[in-house]
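The structure under discussion appears below in the form of structure tokens.
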Protein chains: 2
Amino acid sequence: MSKPDKKSRDAEKVARRRRSLAQAAITVIARKGLPGVTLADVAREADCGYGLVLFHFETKDRLLLAALDALVEEYRAAWHARSDAHDDAVARLEALIDLDLGSAVTDLRHIAVWTAFWAETSRNADYRARFSELNRAYLARLEPLVGTLAEQEPPAADCRLIAGGLSAILDGLWIESQIGHGLGEADWARARAICRAYLGAFFPKSFGAETNR
Amino acid sequence: MSKPDKKSRDAEKVARRRRSLAQAAITVIARKGLPGVTLADVAREADCGYGLVLFHFETKDRLLLAALDALVEEYRAAWHARSDAHDDAVARLEALIDLDLGSAVTDLRHIAVWTAFWAETSRNADYRARFSELNRAYLARLEPLVGTLAEQEPPAADCRLIAGGLSAILDGLWIESQIGHGLGEADWARARAICRAYLGAFFPKSFGAETNR
DNA sequence: CCGTAGACTGACTGATCAGTCAATGACGAT
DNA sequence: ATCGTCATTGACTGATCAGTCAGTCTACGG
């Protein structure tokens with residue numbers, strides 16, 4: 001019984017180390033951008049020796065991919081948690097908007113990292129695969145919510161287009177938050193207002209002006 | 001009279017060379033991304049010696065900034081041309097959407113370059129200044145157009161929010177076109193449909209379903 | 001026809017960095 | 001106590017690249 005015990009303890013230790021390195025990579029990416037990441041930076045951030053980084057991830061590319069995977073997983077978890085906390089479609093949509101444009105995921109650290117990976121997407125098939133899977137999953141969550149609203153008040157456009165538009169708005173607002181550098185809470189409030197106006201235009205009863213909080 | 005003549009001819013020659021180098025830089029950025037650009041690459045692309053690049057732009061950073069300026073100027077020109085070609089607000093908005101999501105600016109070469117610069121925005125104040133000025137100018141064009149429509153049929157939301165939302169949608173659809181890698185004409189048609197649905201939701205008379213072409 | 005200004009060239013230098021590797025330490029098993 | 005395994009370390013190597021510089025070429029002015 002002690003053999004599997006040790007094995008599993010070791011495996012967990014390794015997994016923890018890998019996670020800590022991926023997190024360190026994310027932090028460094030946020031500070032220096034994808035091109036600026038140095039294995040030495042990551043090692044320093046993770047508080048370990050240089051060689052260890054390449055011991056766990058054989059190349060820099062694999063480390064960065066692991067960082068992206070961690071980022072995606074983090075986001076997906078936050079998103080499930082937020083949306084599962086509510087029952088009705090309106091509240092779920094509000095929760096998703098708050099997640100993307102509230103103060104939680106929203107710190108610049110994260111957004112800068114997303115855009116860093118976006119920029120490499122056209123050259124890196126692995127990144128592309130991660131993003132298109134994430135996008136697919138996101139739309140698969142969004143479309144039924146929009147569909148539920150559509151049952152109560154038929155909108156002027158196809159549900160898929162409405163969901164696709166919301167997803168695009170959220171991405172676009174993220175980018176614009178980068179060029180605004182920082183953004184105060186007022187700007188985030190404006191961003192959320194844009195989303196609510198969008199949904200309110202299609203579903204005035206559910207997302208009308210009185211739904212402000 | 002021959003002195004100013006020569007001087008101006010020389011100045012033009014220099015300007016042409018600088019432009020050609022900036023264009024070469026854009027091409028290389030599209031292929032290899034901002035981090036991947038090498039002065040040697042740019043020199044090869046512009047068909048000149050290595051040293052010339054640094055003779056005209058003292059550092060790599062300045063060359064990249066010039067490339068961004070060229071890109072912005074190109075975009076702004078296309079955008080003025082397109083929108084000045086029409087008189088009524090609806091046609092102008094359609095023209096802007098076609099510009100961003102049609103096949104002209106839309107080749108991946110350009111979009112990949114924009115996202116490459118976006119990714120560095122949080123670290124580079126010069127890029128940030130360019131983008132926020134461009135965004136400001138873009139909204140300044142968009143808001144009056146939306147305002148004109150609003151005179152005929154008052155929308156459910158503030159014109160500024162509607163214009164901001166359209167701008168965000170366009171940015172977001174650009175990003176998503178990157179992760180789709182390439183996108184066929186069908187995807188661009190969907191992107192345009194999303195924009196038209198957006199405007200149609202606020203201005204059903206002007207952008208209703210029958211406005212398809 | 002010479003002189004010179006400035007566009008243009010590419011070999012060279014120094015710095016940086018990914019990846020290698022030989023050595024060390026920690027720890028459980030025997 | 002001894003061994004084996006494996007995480008861990010950091011000095012070293014080779015490659016790459018921005019930026020320098022000493023020089024060439026071109027064309028115009030005198």
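In what follows, chains carry the letters A, B, and so on, assigned in the order in which the sequence lines appear, proteins first and then strands, with residues in each chain numbered from 1. A quick note: this is a predicted structure, and the numbers were derived from the prediction, not measured.
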Measure from [atom1] on [X] to [atom2] on [N] and round the result to the nearest Å.
X       : N      : atom1 : atom2 : answer
A:Lys60 : C:dT16 : NZ    : C1'   : 11 Å
B:Arg18 : C:dC8  : CZ    : P     : 12 Å
B:Asp41 : D:dC17 : CG    : P     : 7 Å
A:Asp61 : C:dC17 : CG    : P     : 16 Å
A:Arg44 : D:dT9  : CZ    : C1'   : 15 Å
B:Lys13 : D:dC28 : NZ    : C1'   : 12 Å
B:Glu58 : D:dC21 : CD    : P     : 15 Å
A:Phe57 : C:dA18 : CZ    : C1'   : 16 Å

Counting side-chain heavy atoms from CB outward, which of [options] is closest to [X]?
X       : options                : answer
A:Leu52 : C:dT9, D:dT9, C:dA18   : D:dT9
B:Arg17 : C:dA18, D:dG19, C:dC8  : C:dC8
B:Thr59 : C:dT20, D:dA18, D:dG19 : D:dG19

State whether the side chain of [X] and the backbone N or O of [Y] hold a donor-acceptor pair below 3.5 Å, judged by distance alone.
X       : Y       : answer
B:Thr27 : B:Gln23 : yes
B:Lys60 : B:Val37 : yes
B:Arg18 : B:His56 : yes
A:Arg92 : A:Ser83 : yes

Check: Which part of the nucleic acid, if any, lies within reach of A:Val42 when heavy atoms closer than 4.0 Å are counted: base, sugar-phosphate only, or nothing?
Finding: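 Since no nucleic acid heavy atom lies under 4.0 Å of A:Val42, the category is nothing.
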Next item on the list: Would you indicate what B:Leu39 reaches in the nucleic acid, counting non-hydrogen atoms under 4.0 angstrom: base, sugar-phosphate, or nothing?
Entry: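 Result for B:Leu39 = sugar-phosphate.
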Margin query: Both B:Gly36 and A:Gly51 contact DNA chain D. Which one's nearest nucleotide lies toward the 5' end?
Written below: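 Comparing both residues, the 5'-ward one is A:Gly51.
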Next item on the list: Would you kindly compare A:Tyr50 and A:Phe55 by the position of their nearest DNA chain D nucleotide and give the one closer to the 5′ end?
Entry: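 Closest to the 5' end, via its nearest nucleotide, is A:Phe55.
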Next item on the list: Check the angle between the aromatic planes of B:Tyr198 and A:Tyr198 and answer parallel, tilted or perpendicular using the 30° and 60° thresholds.
Entry: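 Rings of B:Tyr198 and A:Tyr198: parallel, as their planes differ by under 30°.
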